[in-house]
Structure formats: structure tokens, C-alpha cells
Amino acid sequence: MHGQNADLEAVNVRLPLEGEGGLFRVSVRDGKWTAIERQENAVSEDGYVPIAALGLDELRAAGRLDLEGRVLLPGFVDVHMHLDKAYSLPRVRNRSGTLLEAIENYRAVAPTFAKETIRDRIVKAALNAASYGSATLRSHLDVPVHLGRDLAMRTIEAALEARERVSGAVDIQYFPMFFYDPSAERELTEFAAEALRMGVDGVGGAPHLCPEADAGIAWAFRLATKFARPIDLHADESDDPAVKTIDVYCDQIMRNGYAGRATAGHLCSLSAMAQDEADRLIAKMAICGVGAVTLPAVNLYLQGRSDRGNVRRGVTRVRELAEAGVPVAAASDNIQDPFHPFGRGDMLQVGLMTAYAAHLAREEDIVAVLRMLTHLPARIAGLRDYGVAPGNPAGFVVLDAVSAEELFQELPATRWVYNKSRWTFASRLSRQGTEPDAGVEAAVRCANADSAV
Ligand SMILES: [Zn+2]
């Protein structure tokens with residue numbers, strides 16, 4: 001008898017990150033995986049309810065499920081977001097589509113946002129992301145201390161309240177973006193120390209936008225080491241190949257022993273550099289142990305705005321970084337705000353953008369992209385016990401697809417999300433109209449499943 005007394009058992013589960021194409025029987029007890037067993041063949045057993053027709057209430061009532069070959073992934077880790085700015089687009093536009101106009105326009109309107117407005121935007125964005133299958137989010141926060149301490153503190157308070165409200169569905173890490181200005185270092189240090197004591201998780205920033213980038217990076221490390229917190233900096237979100245704060249960032253990571261606890265987002269200018277300089281920096285990144293995050297949607301939208309003809313698209317050298325051994329994650333960045341008018345916190349959409357922008361579409365590349373949405377950002381976020389394995393917390397999403405490729409071909413709307421010891425979301429596509437004959441549909445699915453990734 002399998003998984004006796006389990007809270008949840010499922011058969012005919014496809015685990016593209018754990019076993020190439022095979023089917024599995026899995027069980028969960030007390031919110032943790034207890035068994036992951038490979039099946040010889042698809043099985044049909046009494047008492048296992050096909051998941052296809054189930055909504056949230058039925059899921060919660062059914063202890064035994066037949067996934068009928070559908071894909072199960074560990075909960076996505078969206079490791080670079082801006083939840084506090086999400087859905088602000090109707091209030092803040094961006095006519096030129098440049099990063100600088102987005103920053104200016106947001107700064108102009110930010111003082112008018114009430115704490116409750118910011119909090120509600122974070123709650124909405126976090127719950128939407130969770131409904132698409134994300135289990136852990138890392139959000140940067142806008143804290144322009146140089147424009148006023150109260151304004152910056154409003155965002156910290158809103159963020160902490162929002163995190164509490166969504167804690168039953170999703171975990172959030174916060175990395176405020178401290179804007180280093182040597183003329184106001186004391187105020188900034190006091191504010192940052194208070195934010196860290198209040199419960200934000202790490203030190204963020206965007207040194208390439210600050211007047212003294214090298215000093216700003218050194219300041220970030222003084223703060224991070226004092227509080228023993230990780231660092232996650234926006235690095236070189238620019239088309240200009242001369243912009244390379246990553247060079248000094250790597251030096252500081254080595255000097256402070258921050259391998260595995262430092263992350264660099266964007267790295268756009270790296271894609272514009274001459275090959276030998278890019279090679280030098282990529283090798284340095286691999287040696288110093290920094291994690292990289294690519295944000296393809298936002299880079300495609302904001303970068304290359306002054307180019308004509310062969311427009312630079314800003315997406316970093318994903319394949320080269322990965323081949324050098326740098327852990328590379330892909331993430332959402334901004335959602336429906338002046339930095340990015342689209343996006344919805346759906347990591348499948350981010351994965352598809354990454355597959356296009358980084359030329360990652362062979363069968364083995366598809367699995368690599370899935371790892372960029374799951375295991376690699378989990379490592380960058382410092383999550384322990386992540387993944388579908390006995391003893392680990394069971395946070396996962398089941399998607400209406402029978403192969404890794406089909407995830408990106410269909411971007412299935414139909415998904416079921418389990419996290420924190422319970423089913424948290426069920427979304428089902430309801431389509432009316434002329435469908436393919438049921439027999440034809442089943443035959444096509446079976447034929448594809450036989451050779452699935
Ligand atoms: Zn960002």
C-alpha cells in the first residue's frame with residue numbers, strides 16, 4: 001500500500017525537472033513530500049479522481065488524484081519583482097519608453113500614493129503571482145530617502161503589511177533599493193538600519209544610477225555585512241558598454257566573502273560589450289559566486305530606445321553566463337507600470353520570453369529555462385529544502401500540459417496550486433464553441449505524451 005495515511009496522493013504525475021519524461025506516484029503528508037516513486041507505466045486505479053474537472057473545493061476534499069500525465073513543478077520563485085509599483089500604469093505613463101522617463105515620472109507621482117494604495121497593489125500582485133504558481137517572490141522596493149524619509153518609510157510599512165496579508169498563499173522577500181548619495185550618507189544609513197530591523201530581508205540598490213557607483217557598492221556591503229544580510233543589486237541596466245558596475249561588485253563580493261549571497265539583476269550592458277571584455281567579466285562573475293537574474297520582458301521594452309535599425313534589446317548573455325557556471329534566473333521585474341506596461345506575474349510568460357530572447361528552445365533548453373524559474377532562483381533566494389523530493393515542503397503547481405514543451409506552447413490557463421499544506425488556487429479555462437472531436441484530441445495528446453520531454 002502506497003503512502004498510507006498521506007494527506008495527498010497523486011498518480012500519473014509528470015516531473016520534467018526530476019525525471020526525463022517518466023510518470024510518477026507522489027504523496028504529501030503534513031505539507032511535506034513523503035514519497036516520489038517512478039511508475040513503469042500509466043496506471044488506472046480505483047479511488048483516484050481525475051484532476052481535470054476539479055475546482056478548489058473538490059480538490060481540498062479529494063485525497064487521491066489522477067493527474068493523467070500532467071506536469072507538476074515546484075512552486076515558481078520569481079526572484080526579481082517590483083510589487084510596490086505594480087498596476088501603477090494608469091497613474092504613471094511613459095511616453096518615450098525609456099528607463100529614465102519611467103524613473104522621473106514615477107518619482108513625480110510617488111508622493112501622492114497613500115500607504116494603503118501601495119499595500120493593496122502589493123497584495124494584488126502577490127496573489128496574482130501565487131495564482132499562476134509562484135510560491136516565493138523577491139521584491140525590490142522604491143525608497144527614495146533623498147526625497148523624504150516619510151515617503152520612503154511609507155513603502156516599507158505598506159510592504160510589511162502586505163506580506164502579512166498574503167502569508168497564507170506566498171512568501172515575499174524584500175530588498176529596498178537604497179540610492180547612495182555621499183552627501184546624505186548618514187540619513188540613508190539610519191533609514192536602512194531601521195528598515196532592516198523592521199523586517200526587510202536584504203540590501204538592494206542600483207549603483208549605475210547613483211553619482212558615485214563604486215562608493216555606493218562599498219556602502220551596500222558595509223550595511224549588509226553589519227546586519228549579515230544578502231545583497232541584490234540592479235547592475236548595469238544600460239545599453240552603454242562602458243557601464244560596468246558589475247566589475248567592482250564582483251571585487252566586493254570576493255573581498256567580503258559574499259559568494260552565494262549576492263545577486264546581480266539585468267546586466268544589459270554586458271550584452272553590448274566587445275566579446276573579450278564580456279568574457280573577462282563573465283569569468284569573474286563565475287569565480288566570485290554571484291547569481292544573475294535576467295529580466296527579458298522589461299529589458300526588451302526599455303533598452304535600445306535610441307537605436308535605429310539593428311536595435312539592441314538589452315537582454316544579457318544568458319547562455320554564456322550559464323555555460324560559465326553562473327546561476328542564472330529569469331524573473332518578472334515590473335508589472336503594468338511605467339517600466340513595463342505588460343506582464344502579470346506569470347512565470348510561464350517569463351519563461352517564454354526568455355526562450356525567445358536568449359535563443360533557448362531546443363528540448364534540453366526548455367528544461368534549462370524551467371530551472372531558471374524554479375531551482376536556480378530558489379538557490380539565489382537562499383531557499384533550503386526546495387524541490388520535489390521527500391522531506392521538502394510541498395509547494396507546487398500542476399499545469400494542464402503533458403510535457404515541458406507544451407507549457408510554453410500553450411501557456412495553460414488551467415492550473416492547480418498547492419502551498420503551505422493546502423490547495424490555494426485552482427484556475428480553469430472555460431472555452432465554449434466548436435472543439436476538436438474528443439477522440440481526435442485524446443489521440444493527439446497520447447501520441448505527444450509518448451515522446452514527451
Ligand atoms: Zn528591477
Side-chain angles (χ1 to χ4, degrees), residues 77-89 92 94 97-107 110 118 121-122 125-126 129 134 136-144 155 159 172-180 200-210 213 216-217 220 230-239 243 245-246 249 262-271 290-303 313-316 318 328-345 347 349-350 353-354 357 372 377 380-381:
V77 180
D78 200 339
V79 78
H80 184 130
M81 305 181 86
H82 292 266
L83 296 170
D84 55 324
K85 293 172 177 157
Y87 309 112
S88 64
L89 186 64
V92 196
N94 184 353
T98 59
L99 175 61
L100 290 184
E101 185 184 332
I103 293 170
E104 276 178 25
N105 293 0
Y106 194 85
R107 280 285 147 75
I118 300 168
R121 292 200 303 239
I122 296 173
S134 287
T136 303
L137 315 174
R138 175 181 285 184
S139 182
H140 300 266
L141 295 173
D142 189 49
V143 288
T155 300
I172 308 179
Q173 301 180 351
Y174 289 125
F175 283 63
M177 300 177 74
F178 300 117
F179 184 89
Y180 179 78
V200 305
D201 299 272
V203 176
H208 61 284
L209 297 174
C210 296
I217 294 169
I231 290 191
D232 190 335
L233 299 180
H234 285 62
D236 309 333
E237 191 175 1
S238 164
D239 295 317
V243 175
T245 62
I246 187 65
Y249 190 14
T263 308
H266 292 291
L267 300 160
C268 304
S269 65
L270 188 65
S271 68
V290 68
V293 184
T294 186
L295 297 311
V298 171
N299 294 154
L300 288 167
Y301 173 70
L302 290 175
Q303 300 301 312
R313 308 316 312 267
V315 179
T316 196
V318 174
V328 184
S332 284
D333 212 2
N334 298 71
I335 294 171
Q336 299 176 34
D337 68 15
F339 298 80
H340 181 219
F342 311 130
R344 59 183 189 184
M347 290 294 273
Q349 200 182 54
V350 170
M353 302 282 295
T354 306
M372 293 169 64
I380 286 170

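Numbering starts at 1 and runs along the sequence shown. Order of appearance sets the numbers: ligands from 1, and atoms from 1 within every ligand.
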Q. For the residue pair H140 and F175, does the interplanar ring angle fall in the parallel (under 30°), tilted (30 to 60°) or perpendicular (over 60°) class?
A. tilted
Q) Are the side chain of Y301 and the backbone of F339 linked by a donor-acceptor contact shorter than 3.5 Å? A) no
(Q) If we ignore hydrogens and angles and just use 3.5 Å, is the side chain of N334 paired with the main-chain N or O of P338 as donor and acceptor? (A) no
Q) Is R138 paired with D201 through a side-chain N to carboxylate O contact shorter than 4.0 Å? A) no
Q: State, without any angle test, whether H266 and N299 hold a side-chain donor-acceptor pair at a distance under 3.5 Å.
A: yes
Q | Exercise: do H208 and D236 side chains pair donor with acceptor under 3.5 Å | A | no
Q: Below 2.8 Å of the Zn ion (ligand 1), tally up the protein N/O/S atoms for me.
A: 4
